[in-house]
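Working notes for the structure below.
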Amino acid sequence: MLDQTKAPIYDALERFRKLRVVPFDVPGHKRGRGNPELRNFLGERCVGIDVSAMKPLDNLCHPISVIREAEELAAEAFGSHQAFFMVGGTTSSVQAMVLTACKRGDKIILPRNVHRSVQNALVLCGAEAVYVNPDVDRTLGISLGMPLEQVRRAIALHPDAKAILVNNPTYYGICSDLRRIVELAHAHGMLVLADEAHGTHLYFGDDLPVSAMAAGADMASVSMHKSGGSLTQSSFLLTANTVSTGYVRQIINLTQTTSPSYLLMGSLDISRRNLALRGKEVFAKVLNLAQYARGEIAAMDGYRAYGKELINGDSVFDFDLTKLSVNTLGIGLAGIEVYDILRDEYDIQIEFGDLGNILAYLSIGDRLQDLERLVGALAEIRRRYGRPGTGLLAQEYIEPEVVMSLQDAFYAEKEPLPLAATLGRVSSEFVMCYPPGIPILAPGERVTEAVLAYIAYAREKGCSMTGPEDAGILTLNVLK
């Protein structure tokens with residue numbers, strides 16, 4: 001057992017601060033002296049430890065001292081063989097998982113409702129996606145998990161696949177039967193990769209769904225900055241002893257910066273310590289807050305604050321009750337419309353709104369009075385803006401028509417066409433609402449009437465659309 005009260009990177013930075021070292025290295029602001037406006041904005045303590053790699057502070061690309069010790073502490077806290085500090089967000093963690101498991105021409109089984117970072121990794125490495133189309137809750141308009149029978153079928157049809165990737169949980173809180181998927185994959189010599197961008201707290205809760213490492217997965221990407229309390233853009237990549245630590249680090253070093261932020265790494269170190277010492281207590285409180293708010297919202301006509309009643313033993317094997325997911329169609333408003341009203345009229349910023357749902361993301365920093373304010377605002381919105389829910393589109397998932405690989409389509413010869421003229425053509429770029437960052441259309445997929453209708457409706461309702469080269473999404477690049 002390691003001493004989880006320690007924070008090696010943080011302690012090293014505090015020792016460094018007291019040394020009063022004269023800087024003739026980067027960064028060029030020289031502890032803030034060269035940029036007083038930045039110093040005043042961030043504070044002297046912050047810019048004073050915005051430093052570069054040096055012997056007393058170790059090197060993230062090849063850690064041998066304080067970073068290595070911090071990694072060992074994180075691995076023990078999360079129950080993994082190895083933990084890597086990631087400073088490019090969980091996007092970099094996800095991409096490192098995929099690039100570790102797959103090379104050009106390899107196959108990887110995954111649900112289509114993955115974050116764009118997964119598909120971006122396939123563009124980079126040239127692996128082929130084998131999609132397991134998730135079940136869909138037609139009333140809520142959300143994608144569910146991976147049904148076991150579909151996973152079995154995908155394995156039978158593609159026994160040469162190298163890995164299976166699973167969302168644990170989805171943005172909305174849906175969990176697949178991860179333990180059974182791991183058993184199936186390992187029985188056929190496949191790795192299991194878990195995108196746990198929204199599952200940090202699963203490692204520190206008694207009444208929460210199983211974490212990837214506890215379920216026997218081989219790799220997991222954990223967004224510490226989401227529910228774990230670290231600074232934005234900081235993440236952990238966890239691995240089991242079934243993958244080579246040295247090879248994973250080589251993969252990470254292909255794309256991760258050689259000038260990592262010690263502010264980010266220090267925040268990961270401090271946040272790991274906090275969760276290791278107090279995580280169970282903290283997330284028990286988060287769970288209670290979410291349950292309180294879910295009950296209050298569920299009592300209002302029109303809203304549906306859903307939870308474990310969705311569990312069916314398969315495509316919804318479990319539900320993460322810290323996710324305050326609310327369907328808004330019953331009050332006649334799209335989720336994105338409620339999202340906008342909360343921000344613009346009530347100064348309440350929730351995580352996202354899609355065509356039928358909103359998500360209030362609860363974590364270690366939330367307070368009861370803030371949730372009471374949210375509940376009150378939702379009640380007022382229903383009273384002021386509620387209307388019959390006719391003409392609202394509920395469907396959140398469109399089954400793709402895949403024509404070619406992501407990499408081949410992304411790098412193929414292409415031409416821009418007006419969006420309406422792309423019907424039947426093959427896209428060479430992504431289109432998505434962000435958040436949640438799940439592509440409506442990806443490179444190599446055919447543009448269908450359903451896709452065009454979805455894009456038009458999402459734009460009309462005010463979704464933030466991203467992906468195409470044309471920022472206005474008036475044109476789309478398609479294969480020639």
Side-chain angles (χ1 to χ4, degrees), residues 1-18 42-43 45-46 48-51 53-54 56-60 63-90 92-93 196-206 208 211-214 220-240 245 252 256 260-287 289 322 361-367:
M1 294 289 291
L2 301 178
D3 183 359
Q4 290 291 338
T5 65
K6 297 178 67 176
I9 298 174
Y10 165 75
D11 291 338
L13 288 170
E14 285 296 292
R15 288 193 298 270
F16 172 79
R17 188 199 306 277
K18 297 172 183 176
L42 296 178
R45 288 181 63 85
C46 183
I49 56 170
D50 181 33
V51 294
M54 59 187 74
L57 299 179
D58 209 353
N59 188 313
L60 184 60
I64 58 173
S65 59
V66 294
I67 296 176
R68 177 70 175 272
E69 185 181 359
E71 287 180 344
E72 291 170 351
L73 286 162
E76 182 183 82
F78 283 84
S80 65
H81 176 70
Q82 174 69 33
F84 298 89
F85 278 53
M86 306 297 290
V87 295
T90 304
S92 65
S93 300
E196 286 189 314
H198 305 285
T200 304
H201 49 288
L202 302 185
Y203 291 85
F204 304 96
D206 293 325
L208 296 172
S211 68
M213 289 292 106
S221 299
V222 176
S223 267
M224 276 291 283
H225 71 93
K226 288 188 171 70
S227 59
S230 63
L231 290 177
T232 296
Q233 202 175 307
S234 58
S235 177
F236 282 133
L237 173 59
L238 309 177
T239 62
T245 297
I252 291 171
Q256 182 156 260
S261 167
Y262 276 85
L263 294 172
L264 297 181
M265 289 191 288
S267 81
L268 280 170
D269 201 21
I270 294 168
S271 299
R272 179 272 314 155
R273 178 171 66 181
N274 181 49
L275 295 186
L277 299 179
R278 293 175 286 276
K280 288 187 180 294
E281 174 188 351
V282 166
F283 286 119
K285 292 179 180 178
V286 172
L287 189 59
L289 287 174
T322 70
Y361 208 103
L362 306 189
S363 66
I364 63 177
D366 286 296
R367 305 175 300 175

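Computed over heavy atoms, backbone and side chain alike; hydrogens, waters and symmetry mates excluded.
In this structure, the ring of F236 has its center less than 6.0 angstrom from the ring center of F85.
The nearest pair of heavy atoms linking A197 to Y361 is O-OH, 4.2 Å. Of all the heavy atoms in S93 and S235, the pair that sits closest is OG-OG, 3.0 Å. In terms of heavy-atom proximity, V66 sits nearest to L57 at CG2-O, 3.6 Å. In terms of heavy atoms, S267 sits closest to L264 at OG-O, 2.8 Å. Nearest heavy atom pair, residue D366 against residue L362, reads OD2-CA, 3.1 Å. G228 and I364 get closest at one heavy-atom pair: O-CD1, 3.8 Å.
Taking the charged nitrogens against the carboxylate oxygens, R17 and E14 do have a contact shorter than 4.0 Å, which makes a salt bridge. The existence of a salt bridge linking D206 and K280 is confirmed by a sub-4.0 Å separation between a basic side-chain nitrogen and an acidic carboxylate oxygen.
Counting heavy atoms from C-beta outward, L237 and T90 have side chains that stay 4.5 Å or more apart. Side chains of V282 and F204 form no contact here, defined as non-hydrogen atoms less than 4.5 Å apart. Proximity of L73 to P8: side-chain heavy atoms (C-beta onward) are separated by under 4.5 Å at one or more points. In this structure the side chain of D50 never reaches within 4.5 angstrom of the side chain of Y262, judged on heavy atoms. Taking the side chain as every heavy atom from C-beta outward, H225 and L231 never approach each other to under 4.5 Å. Residues Q4 and E76 form a side-chain contact, since some pair of their non-hydrogen atoms from C-beta on lies under 4.5 Å apart. Here the side chains of M224 and F78 are in contact, with some heavy-atom distance below 4.5 Å. By the 4.5 Å heavy-atom criterion applied to side chains, S211 and E196 are counted as neighbours.
A donor-acceptor pair under 3.5 Å is absent between the side-chain atoms of R273 and the main chain of K6, judged by distance alone. A donor-acceptor pair is defined here as one N or O able to donate and one able to accept, closer than 3.5 Å; no such pair exists between the side chain of Q256 and the backbone of M86. Between the side chain of S92 and the main chain of G89, a donor-acceptor pair closer than 3.5 Å is present.
Scanning for ring-ring contact (aromatic ring centres under 6.0 Å, His included) contacts around F283 gives H201, with sequence neighbours left out.
Between atom CG of residue D58 and atom CD1 of residue I9 there is a gap of 8.0 Å, rounded to the nearest 0.5 Å. Separating the CG atom in N274 from the CG atom in D269 is a distance of 12.0 Å, to the nearest 0.5 Å.
More than 12 heavy atoms of other residues, nucleotides or ligands sit less than 6.0 Å from atom CZ of R278.
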